[in-house]
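Inspection log for the structure reproduced underneath, given as structure tokens.
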There are 2 protein chains.
Amino acid sequence: MSQHRQPGAPGRAGAVPALPDLPEATVARLPEYLRALHNLADAGHETVSSEGLSAAAGVNSAKLRKDLSHLGSYGTRGVGYDVALLIEQIEYVLGLTQRRAVALVGVGNLGHALAGYDGFASRGFRIAALLDADPSRVGEEINGLVVRHVDELPAVATEESIAIGVIATPAAAAQRVADQLVSVGVTSILNFAPCVLSVPEGVDVRKVDLAIELQILSFHEHRKASLTALPATGGSALTALPGGLAATDTQEAIGT
Amino acid sequence: MSQHRQPGAPGRAGAVPALPDLPEATVARLPEYLRALHNLADAGHETVSSEGLSAAAGVNSAKLRKDLSHLGSYGTRGVGYDVALLIEQIEYVLGLTQRRAVALVGVGNLGHALAGYDGFASRGFRIAALLDADPSRVGEEINGLVVRHVDELPAVATEESIAIGVIATPAAAAQRVADQLVSVGVTSILNFAPCVLSVPEGVDVRKVDLAIELQILSFHEHRKASLTALPATGGSALTALPGGLAATDTQEAIGT
DNA sequence: AGGCGCTTGTGAAGACGTGCACAAATCGCG
DNA sequence: CGCGATTTGTGCACGTCTTCACAAGCGCCT
């Protein structure tokens, strides 16, 4: 509920307020555009039309134009967008002009993979610290970084100016880690643990839950199967999702 | 992990499980509810109010009630929802009553982690096959599964009745893998490669891009910083998203 | 039995996101 | 220099999602 409108900000010509407050949906797509633009730049393109870029990013072209218009981007009509310029603009808006330091907490299975994932480094982030609560993991070296104990977080945070914390611990430990991160001033958290984190206002949490993605796919799979299995018995509408269905396994597969 | 039958549920089963077509937003939240419900069940709760469940799942209670109403769920007014029954219903709708077989393609850094991630198994999925194109990786055993060559996909698909394919390859290889998955009949794909996949209609693709999440956080971080940096002085020289800002590093830090 | 407090389910309104379709702007060319 | 081809930026309409607010239903207590 903190929608502060800036009255008197003329907006168009000349000085613009700090950052245009973009729609969340737009923000979520900008990284995708950025990736597509980098590909285009590597391929030698100097300009690109909204049609071309939207295809490369997998979205509707009108949506792309509207997104870009939100950040006041200058394309040239009849020509398209300047690839290099657009990259700069998006990187600026996303705050990627500085390389942000990331602290990764939890060096288990997933943490290991994240520590070794080079997609972070190549896209403006620097994994600056690896932390774990398990003493037997402390001291291990991964990708040139030594795992330190999570209690050293305060020291690490000031040493490295940590901007973003990544939680890759088991769910049981996640809230405590989040609290620790918040207490050392981290205001952006990426949470891989399957649990809800409660954080004070002003702290952003994004969650990635691998199993949830599979479950969503499972739903669609289930629906597809039930549709092809049932021709057109338009009778029972909402159905009652019967109570005792635990026993009925592999229900959808049976065509009969 | 016990699924008890629900006493009191009328034996009025047998109704055709025509799935109500839920709003996408609802589908995306159901797994979250499910996780919260499992936690509640483990903690011994037999019923839960929409208020309690929504808090555990981190959403608005009205939204939760509407979501549940979409799948025709029966709560009891004045009491709440039966935890066990609701778990059954959601698992049924999500198609989790059968354990779906997942093929994981790409056993690099991330693939290794995914192969070892036990969150899949514990939530209704079975990693049935590991595949990779790199011959030096074929034969490796991970978590009790032997890595096979990706060209064996047709055989694997029929052997294991693969329902979902997970792509954890480099971006350059992802499209080819997707094509292969589609050609063996897989219609649900979870893509971790940072690229857009083109697939025929009827195939569902969900994408998880770890770097994108960080970039979104970076945007908010940037915005927070720029807000606190500019209290009131409307003049403010910078910003305006100038054309040549490539050189200006760490732009937002300037308070002055 | 009846009333009371609690909780669900939902109508309605508003916020948000999407996509079409077209005017405005720009370039290249004759 | 003007015209046509091209492409952006956006007004508008539509659909989806969210949130509020409240009537209807349920159990419990007296």
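Proteins come first, then strands; the chains are lettered A, B, ... in the order of their sequence lines, and each starts at number 1.
Atom P of nucleotide D:dT18 and atom CZ of B:Arg65 are separated by 15 Å, given to the nearest angstrom. Between the NE2 atom of B:His70 and the C1' atom of D:dT16 there is a distance of 10 Å, given to the nearest Å. D:dT19 atom P lies 12 Å from atom CG of B:Leu64, rounded to whole Å. The separation between A:Tyr81 atom OH and C:dA25 atom P is 15 Å, rounded to whole Å. Following rounding to the nearest Å, B:Glu51 (CD) and D:dA21 (C1') show an atom-to-atom distance of 14 Å. Rounded to an integer number of Å, the gap from CG of A:Asp82 to C1' of D:dT8 is 15 Å. The separation between B:Asp67 atom CG and D:dT19 atom C1' is 13 Å, rounded to whole Å. Whole-Å rounding puts the B:Glu24 CD to C:dT18 C1' distance at 15 Å.
Between A:Lys66 and A:Gly78, the one whose closest nucleotide on DNA chain D sits nearer the 5' end is A:Gly78. Take the nearest nucleotide of DNA chain C for A:Thr26 and for A:Thr76: the residue whose nucleotide is more 5' is A:Thr26.
With rounding to the nearest 0.5 Å, the separation of CG in B:Leu37 from CG in B:Leu86 is 5.0 Å.
Residue A:Ala62 is in base contact, counting any heavy-atom pair closer than 4.0 Å across all strands shown.
Of the possible donor and acceptor atoms, one in the side chain of A:Lys224 sits under 3.5 Å from a partner among the backbone N and O of B:Gly202.
Side-chain atoms of A:Arg77 and base atoms of D:dT7 include no donor and acceptor less than 3.5 Å apart.
Relative to the side chain of A:Ala25, the nucleotides C:dT18, D:dC26, C:dT8 differ in distance, and C:dT18 lies closest. Side-chain atoms of B:Lys63 lie closest to D:dT19 of the nucleotides C:dT8, D:dT7, D:dT19.
No salt bridge links A:Arg29 with A:Glu24; every basic N to acidic carboxylate O contact stays at or beyond 4.0 Å. The pair A:Arg123-B:Asp209 meets the salt-bridge criterion, since a charged nitrogen lies less than 4.0 angstrom from a carboxylate oxygen.
In this structure, A:Asn60 does not reach the C:dG17 phosphate: none of its side-chain N or O atoms is under 4.0 Å from OP1 or OP2. Between A:Ser50 and D:dT8 there is a side-chain N or O to OP1 or OP2 distance below 4.0 Å.
Counting non-hydrogen atoms of neighbouring residues, nucleotides and ligands closer than 6.0 angstrom, the CD atom of A:Glu46 reaches no more than 12 such neighbours.
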